[in-house]
Amino acid sequence: MSDWYKTMAFYQIWIRSFADGNGDGIGDLQGVYEKLPYIKELGVDGIWFSPIYPSPNADFGYDISDYKNIHPDYGTLEEFQKVLEKAHELGLKVIMDLVVNHTSDEHPWFLESRKGKDNPYSDYYIWRDEPNNWDSLFEGKAWEYDPVRGQYYLHLFAKKQPDLNMDNPAVRKEVEEIMRFWLDLGVDGFREDVINFISKKEGLPNGVPFLPAVNGMIHYKDGPHIYEYNSQFRKVCMEYDAFQVGEGPMTTLPSALKYLTGKNKCLDMMFSFDHMMADCFYTEYMHRPFSLVKFKKAISKWQYGLQGKAWNALYLENHDHPRIISRYGSEIFWKQSGTMLAACYLFLQGTPFIYQGQEIGMTNIRLGRIEHYEDISSKTNYHTYHLKESTAKRLHRIHLSSRDSARTPMQWDDSPHAGFTVPEAKPWFYVNRNYKKINVKAQEQDQDSILNFYKTCLRMRKTSKTLLFGSYREYFPKNREQFIYERQLEDKHYLIICSFAGRATLLKYPPVFEGRKATLVLSNYKHREQVQLLQGESFLKPYECRVYRLRF
Ligand code: NOJ
């Protein structure tokens, strides 16, 4: 396919919490429709919809019970078409979440499959008389006994998310049809959920248990037919010039290169998880304090590793992670760290994804009891790990790591429920109490807001070939408080300097820049001089970022 995606930036919508258009307390397509001009104004070029299909919501949409429809909470196919048309009119592409590693256990295929071995859908799922020793990522062991069929089925995620048997050609045909259904409607591509897990090793051998939750992964990550199956799906997308970004949990750089280049090329981009491991929230039981050095190492690994060969999918937030200001920055230096974090990744090489609310610096929510949380993995983590610790300590771990922090209603203004829904309605989930301070309306009116900073970064990126296509180089990788990198194209250079410290830190310029004059094109602090001599030592303020432009 053509590379139109390279100059783009995407906005991710997790619809349930985005905007409620019909006043029932749940976000919906009507709400999205009304906010399309806002998304356009932000300066992105496309939208990724997290699943909006019918689902019993055991995993909020990632357990699909009908692939070719819209969840009644969110609207109808007609309403979706209206959103799609309007988005296209505004020049926004739209990509859908393709979740085909598993379905809901309420999907008609599963309801049929469990009826027995002679059912036409019998082999749509992975059934065994005896389970192996694999763990699921969300709910204990990866096998659940089904009394109707009298066998166990595999579920790599929750019990209500049985894994599809992709070795069955009929299942792959169904996937093709799902893709065609949405492509025929006019969507522009897919974000493909855990797409590196869809081919399991023949015989499903036992894993060697060494860490909880991931036992068995070696036998289902990048499995034996993974490129073959994905190439089959790729062919469909090629017919439509559609775009594909794969989610690749725990994928390594060499294996990502196989998906992205050469004869196996079956995806345009892949979301790496390496930088998410710098504090390990994804595997909550291993959580450790954030290490900037580890984070930078992961970012640089992918920037250098894909340079000239493939293209990065850039992200810091999505619906699976806590909010970045609370995670990598500081709620005290809220604006400074929120803006610095924007600059720190929007100028890397790749296509940025911005998650709803990230652009206004939404922060983590801290609920008083585990029962108040909705996310299945938060609940499991709480009830499984660190059981010897006090409840307060365990709850604190959830405050730090929960996916629910990304799922609180979007804060549009300072009216009741943050303007997410009408005052009379009860929002489906808690609104963060800080909405009077952190909301879209306030930030639209403030020139120096996080929101306006995102807009500026996106504009700069879009209008600079160097920022889009220039090479990447990192400086001082061992510096524990600053992330400094360069983008270069011919004689044009950008130097991006980001402080991750909540106090002033000494800044040394990289030797190649020492003594040169540079224009300060962006900073989250006021500077008197726009043209500066990069010389000697200076100080960075807490969470300061600076972007210099120069030629040599
Ligand atoms: C990855 C998705 O991003 C996450 O939200 C979901 O729970 C799992 N895949 C399972 O579908």
Side-chain angles (χ1 to χ4, degrees), residues 10 12-18 48-67 71 95-107 110 125-126 134-140 142 144 153-164 166 175 178 190-198 200 213-214 216-217 220-221 244-251 267 269-273 275-277 281-284 313 315-323 353-358 373-381 401-408 429:
F10 277 93
Q12 183 193 347
I13 294 183
W14 198 81
I15 196 167
R16 203 169 183 78
S17 289
F18 187 61
W48 150 27
F49 274 107
S50 269
I52 57 177
Y53 321 104
S55 160
N57 283 339
D59 188 21
F60 288 102
Y62 286 89
D63 49 322
I64 298 171
S65 53
D66 180 356
Y67 283 100
H71 195 302
I95 66 169
M96 303 300 275
D97 222 304
L98 184 74
V99 188
V100 293
N101 177 68
H102 44 266
T103 67
S104 160
D105 65 345
E106 296 180 33
H107 193 289
F110 190 76
Y125 295 85
I126 302 174
W134 296 2
D135 290 331
S136 82
L137 286 140
F138 283 174
E139 257 188 316
E144 185 68 6
Y153 64 86
L154 178 72
H155 63 90
L156 292 182
F157 292 88
K159 290 178 189 162
K160 281 184 72 63
Q161 291 171 297
D163 277 51
L164 281 164
M166 210 51 83
V175 175
I178 295 163
F190 300 100
R191 174 268 187 192
E192 303 185 359
D193 192 63
V194 293
I195 202 65
N196 54 340
F197 287 2
I198 63 172
K200 280 84 177 170
V214 292
M217 191 178 272
Y220 62 78
K221 184 164 72 92
Q244 292 167 287
V245 52
E247 187 208 24
M250 317 304 159
T251 204
L267 293 172
M269 302 192 299
M270 239 181 155
F271 287 116
S272 148
F273 277 52
H275 60 301
M276 291 289 128
M277 298 306 278
F281 278 139
Y282 203 66
T283 43
E284 201 268 339
Y315 75 99
L316 293 182
E317 270 189 21
N318 63 34
H319 63 293
D320 286 336
H321 299 285
R323 295 289 185 175
F353 288 76
I354 297 165
Y355 179 67
Q356 67 187 42
Q358 177 187 340
Y373 283 84
E374 292 280 348
D375 168 37
I376 183 157
S377 69
S378 302
K379 288 176 197 274
T380 300
N381 290 342
S401 64
S402 177
R403 306 198 295 180
D404 276 341
S405 277
R407 300 174 179 189
T408 61
F429 192 44

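Throughout, numbering of the chain's residues begins at 1 and tracks the sequence. What you see is a predicted model, and the numbers here were worked out from it, not measured in a lab. Order of listing sets the numbers, starting from 1, for every ligand and every atom in it. Just the heavy atoms: all of them, side chains too, but no hydrogens, waters or symmetry mates, feed the values below.
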Trainee: Can you tell which part of F60 has a heavy atom less than 4.0 Å from ligand 1: side chain, backbone, both or neither?
Mentor: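 For F60, no heavy atom sits under 4.0 Å from ligand 1.
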
Trainee: Considering non-hydrogen atoms only, spot the tightest contact between P56 and K160 and give its length.
Mentor: CB-CE, 4.4 Å

Trainee: Just say parallel, tilted or perpendicular for the rings of F157 and H102, cut-offs at 30° and 60°.
Mentor: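 Judged by the thresholds at 30° and 60°, the geometry between F157 and H102 is tilted.
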
Trainee: Sequence neighbours left out, what passes side chain to side chain contact (heavy atoms under 4.5 Å, CB included) with E374? Give chain and number order.
Mentor: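 Side chain to side chain contact (heavy atoms under 4.5 Å, CB included) check on E374 returns F60, D404, W428, F429.
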
Trainee: Near F138, which atoms of ligand 1 are under 4.0 Å from a heavy atom of that residue?
Mentor: 7 (O)

Trainee: Name the residue from R16, R191, Q12 that meets the side chain to side chain donor-acceptor pair (under 3.5 Å) definition with S50.
Mentor: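 Among the candidates, only Q12 passes.
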
Trainee: Ignoring hydrogens and geometry, is there a side-chain-to-backbone donor-acceptor pair from T380 to E139 under 3.5 Å?
Mentor: no

Trainee: At less than 4.0 angstrom from any non-hydrogen atom of R403, what atoms of ligand 1 do you find?
Mentor: 4 (C), 5 (O), 6 (C), 7 (O)

Trainee: Closer than 4.0 Å to some heavy atom of D320 - which atoms of ligand 1 meet that?
Mentor: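 That gives atoms 1 (C), 2 (C), 3 (O), 4 (C), 5 (O) of ligand 1.
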
Trainee: V194 heavy atoms, cut-off 4.0 Å: which ligand 1 atoms fall inside?
Mentor: 9 (N)

Trainee: Using a heavy-atom cut-off of under 4.0 Å, does the side chain or the backbone of R191 touch ligand 1, or both, or neither?
Mentor: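 Near ligand 1, R191 shows its side chain, while the N, CA, C and O stay back.
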
Trainee: Given I13, which partner from the list F49, Y355, W48 fulfils the side-chain contact (heavy atoms from CB on, under 4.5 Å) test?
Mentor: F49

Trainee: Looking at H102, which atoms of ligand 1 are within less than 4.0 Å of one of its heavy atoms?
Mentor: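 So the atoms of ligand 1 that pass are 10 (C), 11 (O).
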
